There are 2 protein chains.
Amino acid sequence: MLSERQMMILRAVVRDFTNTGVPVGSKALAKQLPIHVSSATIRNEMAALEELGLIKKTHSSSGRIPSVEGYRYYVDHLVKPDPLRPNDMDVIQSSLGGDFHKIDEIISQSATILSNLTSYTAFTLKPELKDSRLSGFRLVPLGKRQVMAILVTDSGDVENQTFDVNESVTGDQLEAVVRLINDQLVGLTLPEVVKKLQADIPMKIANYLQSPQGFLDIFGDVLTRAAQERFYVGGRLNLLNFSQDSDVDSLKSLYSLIDKTDDIANVLGRPDDKISVQIGNEMTNDALRNFSLITATYDVNQHGRGMIAILGPTRMPYSRMLGIVGAFREELAKKLLDYYRFYDE
Amino acid sequence: MLSERQMMILRAVVRDFTNTGVPVGSKALAKQLPIHVSSATIRNEMAALEELGLIKKTHSSSGRIPSVEGYRYYVDHLVKPDPLRPNDMDVIQSSLGGDFHKIDEIISQSATILSNLTSYTAFTLKPELKDSRLSGFRLVPLGKRQVMAILVTDSGDVENQTFDVNESVTGDQLEAVVRLINDQLVGLTLPEVVKKLQADIPMKIANYLQSPQGFLDIFGDVLTRAAQERFYVGGRLNLLNFSQDSDVDSLKSLYSLIDKTDDIANVLGRPDDKISVQIGNEMTNDALRNFSLITATYDVNQHGRGMIAILGPTRMPYSRMLGIVGAFREELAKKLLDYYRFYDE
DNA sequence: TTTTAGCACTCAAACAATACAAGTGCTAAG
DNA sequence: CTTAGCACTTGTATTGTTTGAGTGCTAAAA
C-alpha cells in the first residue's frame, strides 16, 4: 500500500516522463510538487518506490522512469481521464457529421479520426451480432464470362467476389447452384456452413457442374472472408514515429501483425464494458514490447457492440488518451444509433 | 565518347559499388580488372570520368561512387541483363502455376512474386484496353435495406459497392434507375459518362427518386474507381530496408506516394515497348531521390498491354534486376494468354 | 522518527586529441 | 603513355577529459 505522498510522486514521475521522455530526478520533482519537501526526501521515497518495482533507473545515477508495473498502478489507481479539448470534440463531430451510406464507412472513418486525434495507430471494429448466419447467396452474371458471387449474412455483412467462368457453364447451372446453396445453407451459422461445405455439398453440386472445385474455392473464399471480423486501421504510418533506433526488423513484424486480422483480433481481445489498457509486455506479442494498447467497446443496443482501440508507445499520455477514447466511443455510438434509426424504418 | 578502358572502369565501379555499397578506390580496381595497369593509371582514368560527371567522390580522399549520370551511362551502354537464376525461374513458374479465377488475382500475385524475387517493392498493372466503355450497370437488392451497385466495363473491370437505402425506396424505383443508366450511358467511355453525370442525368433521375443525391454519390464513387487504373503493390515493407539514417519523414512521404494511385501512375509513365530505368532524381518526385525504378510492359496481343515495375535503391544490381524484369514479363504474358485462351471460348 | 544538508560517487554525453587506413593528386622518371 | 613514389586529405575508431545531472549515505536538525 502506497502512502499519499508516494502516490503523488509516482503520478508526477509518470506525468513528467510521458510528457518529456526524459528520466525524472528528485530535484525536478521537489520543485514541481505541491508539498514542500527537499530533494533528499523525495529521493528516499523514490528509493522506496523503486524497491516496490514501480519505477526504475536507466543507469545507476540517472533519474527514474516508470516500470511496466508503475504504469499499471498509475492507470489503475492514479489517472483521471482528461476532459476532451473543445477542438477535439469539434473534429469528432464534424468528421462524423457527414452522410454515410454504409456502416463500414462510419467505422472506417472512425479509425482515421482516432488516429488523427491521437497521432497513434487506431483500430475499429463494427458492431458484431454474435453467431451471424448466412442469409442469402447470389450469383450475378455480369457479361460473357464474368460472374459475381455475393454472400449476405443476417448481421448485414456482405462479401462478394467476381470470377471468370468457362462459357460452357450455363445460366441454368448457375441458378441450380444458387438454389442448392440457399436451400441447404441459408439460416445456418457460418461455422456450420463451413462444415457442411466440406461434407455433403460438394457431391450435390457435382450434379450440376462438371468441375465444382473452382466454384467451391470461390464460395469458400467469400465465406471465410465473411466469417472474419474485419478491423479498420487508421494512421498506420504513425508507427514509424516510434521505431526507436530504427529497428527495421521489429517494425516489419509490427506491420505484419497489424495486417493479420486474426493476430490483431487476438491482441485486442473480447468486448468488455470497461476501457482497458494493456501495457508493454503485458501483451504476449513481442513486437508490442514498447507499445501500449487502449481498447474500449461501444454499445449500440440491439445492434450489438463494437470495439475501438489505439496503439501507441508505452510512454503515452494516458490521461489524455483515456479521455479521447472515452468520449469517442460515446460519439460513435450516438452516430450509429442515428444511422440505424434512419435506415431501419 | 569514352574509351574502352574507361567503359571497363565505369562498369567495374558500378558493379562493385552496387554489390558492396562501399566507394571503390583505384587500388581495388587495379587488382580486379582483367587488364594489367597500375593503380596510378586507373586514378588518371577515374579523374577523367569524374571530369565527365560520371563518377564522384564522397569526400576529397575517398573512393568513387557512380553519379546519377554514371548509372545512366551504365544502364544505357554497359549493362547486359543477367540470365535468370534457375531457382528464380522455378519460383516464377510455381507461383504463377496455380489455378486463377480472375485476372486480378494473377496480377496481384505477380506483384508479390516480383517483390520476393528482388526484395524490393513491386508494382503491377493489368492489361488495359484503352478508352474502356461502360458496358453494364446493376442494382442488386440484398436484403431489407441493402443494395449493391455493380458497374461493368467492356474491358472486364468490375466495381461494386453496397449501400443502405431507406425502406421508402421501392424495387420499381431502383429498376427504373437502372434502366435509365443503361439506356443513357452504356456504350460511352468513362469520361463521357462522368460528363453526362454532371449534366442531364440528375434531372432525369429526379423523376424516380425524391433525393437522388445519395444515389449519385454512390454511382459517382463506383465510376471513379472504375476509371482509375489500379496498381497492385507487393513488398511494401521492403522500403523500410533502404530508409537510410531512418529518416521517418521521407519514409512517410514515400508510403503516401505509393498509396496514391494517381501519383504512382504518374511516376510509372505510359506503356512503351522497352524496359526503362529511371534513376534517382531523374524522377521529379523528391521522395524518390535515392531510388531507382525499372518499368516494363508486357503484351497480351488483342487483350492489351500491362505494366510491371520494381522500385529499389539507386544502388541496385541493375543487371540482375533487368534480367528478372525481362524474364518475368514474358512469363506473365504467357500465363495471361493461357488464361484468356481458357476462358474466352 | 522524519526530514534535511552535505558530500562522495556514478554515469552519459559532449568534446578533443590521436592514430590509422584508404584513398587521392601530382611529379618525375621509365 | 605509364608508373613509382610521396605528400596530403579525410573518415573512422579509440581514448581521455570535462561537465552536469542525479544518486545513496551519513550525520545533524526538527
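Residue numbers start from 1 in every chain, and the chains themselves are labelled A, B, ... in the order their sequence lines are given, proteins ahead of strands. As a basis for the values below, the full set of heavy atoms in this structure was taken, side chains included, without hydrogen atoms, waters or symmetry mates. In this text, all values refer to a predicted model and were calculated from it rather than measured experimentally.
- Checked against ring-ring contact (aromatic ring centres under 6.0 Å, His included), A/Tyr318 has the following partners two or more places apart in sequence or in another chain: A/Tyr71.
- Side-chain atoms of A/Ser39 do not come within 3.5 Å of backbone N or O of A/Ala30 as any donor-acceptor pair.
- Residues of residues 40-69 of chain A having a heavy atom closer than 4.0 Å to DNA chain C, listed by number: A/Ala40, A/Thr41, A/Arg43, A/Asn44, A/His59, A/Ser60, A/Ser61.
- For A/Tyr120, the ring-ring contact (aromatic ring centres under 6.0 Å, His included) partners two or more places apart in sequence, or in a different chain, are A/Phe242.
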Below 3.5 Å between N/O atoms, which protein atoms pair up with nucleotides 28-30 of chain D? Just atom names and distances, please.
none

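- A donor-acceptor contact shorter than 3.5 Å links the side chain of A/Ser67 to the backbone of A/Leu54.
- Between A/Arg236 and B/Asp259, none of the side-chain N atoms (NZ, or NE/NH1/NH2) sits under 4.0 Å from a carboxylate O, so this pair counts as no salt bridge.
- Applying the side-chain contact (heavy atoms from CB on, under 4.5 Å) criterion to A/Ala327, with sequence neighbours excluded, gives A/Leu84.
- Every residue two or more places apart in sequence or in another chain that forms a salt bridge (charged side-chain N to carboxylate O under 4.0 Å, His left out) with B/Glu282 is listed here: B/Arg72.
- No donor-acceptor distance shorter than 3.5 angstrom exists from the side chain of B/Arg289 to the backbone of B/Asn281, with no hydrogens or angles considered.
- Contacts between residues 11-28 of chain B and DNA chain D, defined by a heavy-atom separation below 4.0 Å, involve no residue at all.
- Residues forming a salt bridge (charged side-chain N to carboxylate O under 4.0 Å, His left out) with B/Glu50 (at least two apart in sequence, or on another chain): B/Arg64.
- The stretch residues 53-63 of chain B participates, sequence neighbours left out, in these side chain to side chain donor-acceptor pair (under 3.5 Å) pairs: B/Thr58-B/Ser62.
- Remark: B/Phe123 pairs with no residue by the ring-ring contact (aromatic ring centres under 6.0 Å, His included) rule, at least two apart or across chains.
- Residues in residues 22-36 of chain B take part in these side chain to side chain donor-acceptor pair (under 3.5 Å) pairs, two or more places apart or across chains: B/Asp16-B/Gln32, B/Ser26-B/Arg43.
- Taking the 5' to 3' direction, DNA chain C first and last meets chain A under 4.0 angstrom from a heavy atom at C/dT3 to C/dA12.
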